[in-house]
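Report on the following structure.
On a predicted model such as this, the values are computed, not experimentally measured, just so you know.
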Amino acid sequence: MIREVSLNEISDGRTYSENDMVKADTAGCVGCHKCCTGMGSSIVLDPYDVWRLKKELNKNFQDLLNEGGIELNMVDGLILPNIKMGEDERCTFLNEEGRCTIHKQRPGICRIFPLGRIYENGDFKYFLQKGQCVKDNCAKIKVKKWIDVDNISENHRFINEWHSFIKAVGEKNIKLRNTGRGESINDIAMYVLNEFYVSDILTEDQIDVVDEGLFYMIVMNKIDKANKVINTLG
C-alpha cells in the first residue's frame, strides 16, 4: 500500500538502516496484542509473506483463503491478499490468550512493527512509528535483529524491487483508466495475483530448501518477467 506522507507526521523524524539501533524492542509484547486487532485490511501480504505462510501451515493459497486466515482486497488497482480480522476485529491467527500462532512466520508488516518503511531515491529505510505502540520505554535493539529474517540483504533487495514493481503497476493502471482501457487493468490484476500468490514460487522439490536465497532468486526473476509482460498489456 503506497502512501505519500511526511516523515515528521508519523515518526520521530529519523530514519534507520538494518545496522542501526532503534527503540523498538517490545520485550515479546507480554500481555498485549493491541496492534493485532482492528487492522481492517491493512496487513497486506507480499509474495514472501505468503510463501512463508504456505510453508509454516503446509497449505496452498486456496486453503489459506478457504479457511479464513487471509482474504483478497483491491490495493492500488491490484487484487492482493491481506491478513483477515475475525471476531471482535482480532487477527484470525491470534489464539485465545492473544498470542500469535504464526509468530515465527508472521508477515513483514507485523514483523517490523513498531517500525515502518519509507521509500526514497530508489531505496528504503526504516522509521519508528509515533504513537502506534502502546508499550512505553521500548528497549534499543539493532534493526536487523528486530526484523529477524534470514538473508537480510536479499530480503531488503526483494522488498525494494517489489515496492517498485507495485508502484509501476499502479502508475500504468492510472494511464489505462484515463484512456478507457479498464479491461487491461483487470488482466494485470489477475496476472499478478496468479503469478505471485496462487501459483507456487518454488516447486515441490525445492519447497523444503533451507536457504531462502533460492526463493529470492526465483521471485526476482518473476518480477523482471512480469515487468515485461505487463508492458505488453494494454
Side-chain angles (χ1 to χ4, degrees), residues 1-5 35-57 59-86 89 91-93 102 105-113 115-119 124 149 155-177 181-202 215-216 218-231 233-234:
M1 191 179 303
I2 299 170
R3 298 289 179 263
E4 300 293 337
V5 295
C35 66
C36 305
T37 61
M39 299 306 294
S41 59
S42 66
I43 310 300
V44 179
L45 306 174
D46 64 32
Y48 179 66
D49 295 328
V50 170
W51 176 67
R52 286 167 62 102
L53 283 176
K54 286 178 178 179
K55 283 184 61 180
E56 174 74 5
L57 303 175
K59 300 182 185 299
N60 61 34
F61 187 75
Q62 194 60 51
D63 290 337
L64 294 174
L65 284 174
N66 291 344
E67 294 175 17
I70 68 173
E71 61 185 1
L72 296 175
N73 280 289
M74 293 297 295
V75 181
D76 299 322
L78 291 172
I79 305 169
L80 298 179
N82 60 265
I83 294 293
K84 186 177 181 180
M85 299 294 115
E89 282 300 300
C91 173
T92 50
F93 290 107
I102 57 167
Q105 308 293 357
R106 63 200 182 280
I109 291 176
C110 307
R111 184 171 292 275
I112 69 174
F113 186 84
L115 303 179
R117 302 187 190 105
I118 185 165
Y119 296 82
F124 75 89
V149 296
N155 181 261
H156 183 111
R157 179 169 172 254
F158 159 70
I159 290 169
N160 197 52
E161 289 295 324
W162 181 249
H163 174 268
S164 297
F165 171 66
I166 294 298
K167 183 177 180 181
V169 172
E171 291 171 350
K172 184 174 183 67
N173 283 344
I174 291 173
K175 292 179 182 178
L176 291 171
R177 188 176 296 110
R181 290 179 288 172
E183 71 284 353
S184 293
I185 296 176
N186 295 333
D187 290 342
I188 290 172
M190 291 307 301
Y191 173 80
V192 172
L193 178 64
N194 287 317
E195 187 72 9
F196 291 98
Y197 295 101
V198 178
S199 65
D200 291 323
I201 299 292
L202 301 183
F215 168 84
Y216 290 122
I218 293 174
V219 78
M220 294 297 286
N221 287 337
K222 278 180 169 282
I223 292 173
D224 185 55
K225 176 186 174 183
N227 275 313
K228 296 172 183 176
V229 170
I230 287 171
N231 284 334
L233 297 175

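- Looking at Pro107 and Ile102, their side chains come closer than 4.5 Å, going by heavy atoms from C-beta outward.
- Rounded to the nearest 0.5 Å, atoms CH2 (Trp51) and CZ (Phe196) are 15.5 Å apart.
- Not a single donor-acceptor pair under 3.5 Å links the side chain of Asn160 to the backbone N or O of Arg157.
- A donor-acceptor pair under 3.5 Å is absent between the side-chain atoms of Asp224 and the main chain of Met220, judged by distance alone.
- Here the CE-OG distance, from Met85 to Ser42, works out to 6.5 Å after rounding to the nearest 0.5 Å.
- Contact between Asn194 and Ser199 at its shortest, heavy atoms only, is O-OG, 2.8 Å.
- Lys84 pairs by the salt bridge (charged side-chain N to carboxylate O under 4.0 Å, His left out) definition with nothing, not counting sequence neighbours.
- Residues that satisfy the salt bridge (charged side-chain N to carboxylate O under 4.0 Å, His left out) test with Glu89, not counting sequence neighbours, are absent from this structure.
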For this session: Start with the C-alpha gap between Ile83 and Met39, add the side-chain angles, then the distance that decides, and say whether side-chain contact (heavy atoms from CB on, under 4.5 Å) holds.
Result: CA-CA 9 Å; Ile83 294 293; Met39 299 306 294; over 6 Å; no

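- Here the shortest heavy-atom pairing between Leu53 and Gln105 reads CD2-O, 4.1 Å.
- In this structure, the side chains of Asn82 and Glu71 come closer than 4.5 Å at one or more pairs of heavy atoms.
- Lys172 and Ile230 make their closest contact through CE-O, 3.0 Å (heavy atoms, listed as atom of the first residue, atom of the second, distance).
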For this session: Test side-chain contact (heavy atoms from CB on, under 4.5 Å) on Ile159 and Tyr119 and set out the steps.
Result: CA-CA 10 Å; Ile159 290 169; Tyr119 296 82; 3.4 Å; yes

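- Summarising the geometry, atom CG belonging to Asp49 is positioned 11.0 Å from atom CZ belonging to Arg106; distances are rounded to the nearest 0.5 Å.
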Exercise. Run the side-chain contact (heavy atoms from CB on, under 4.5 Å) check on Lys225 and Asn221 step by step: do they pass?
Worked result: CA-CA 6 Å; Lys225 176 186 174 183; Asn221 287 337; over 6 Å; no

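- Contact between Ser41 and Asn73 at its shortest, heavy atoms only, is CB-ND2, 3.6 Å.
- For the pair Ile70 and Tyr197, the minimum side-chain heavy-atom distance is 4.5 Å or more.
- Checked against the 6.0 Å centroid threshold, Trp162 and Tyr48 do not count as a close aromatic pair.
- Under the 3.5 Å distance criterion, the side-chain polar atoms of Asn173 are left unmatched by any main-chain donor or acceptor of Ile185.
- Shortest non-hydrogen contact noted between Val219 and Pro47 is CG2-CB, 4.3 Å.
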For this session: Take Phe113 and Ile43, measure what side-chain contact (heavy atoms from CB on, under 4.5 Å) needs, and give me the verdict at the end.
Result: CA-CA 11 Å; Phe113 186 84; Ile43 310 300; over 6 Å; no

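- Heavy-atom minimum distance, Ala189 versus Gly77: CB-O, 4.0 Å.
- Ring geometry for Phe158 against Phe215 counts as perpendicular: the plane angle is over 60°, on a 0 to 90° scale with 30° as the lower cut.
- Rounded to the nearest 0.5 Å, atoms NZ (Lys59) and CG (Leu65) are 12.5 Å apart.
- His156 and Phe124 have parallel rings, their planes meeting at less than 30° on a 0 to 90° scale where 60° marks the start of perpendicular.
- The CD1 atom of Ile166 lies 8.0 Å from the CG atom of Asp76; values are rounded to the nearest 0.5 Å.
- Ile109 contributes atom CD1, which lies 7.5 Å from atom CG of Leu45 (distance to the nearest 0.5 angstrom).
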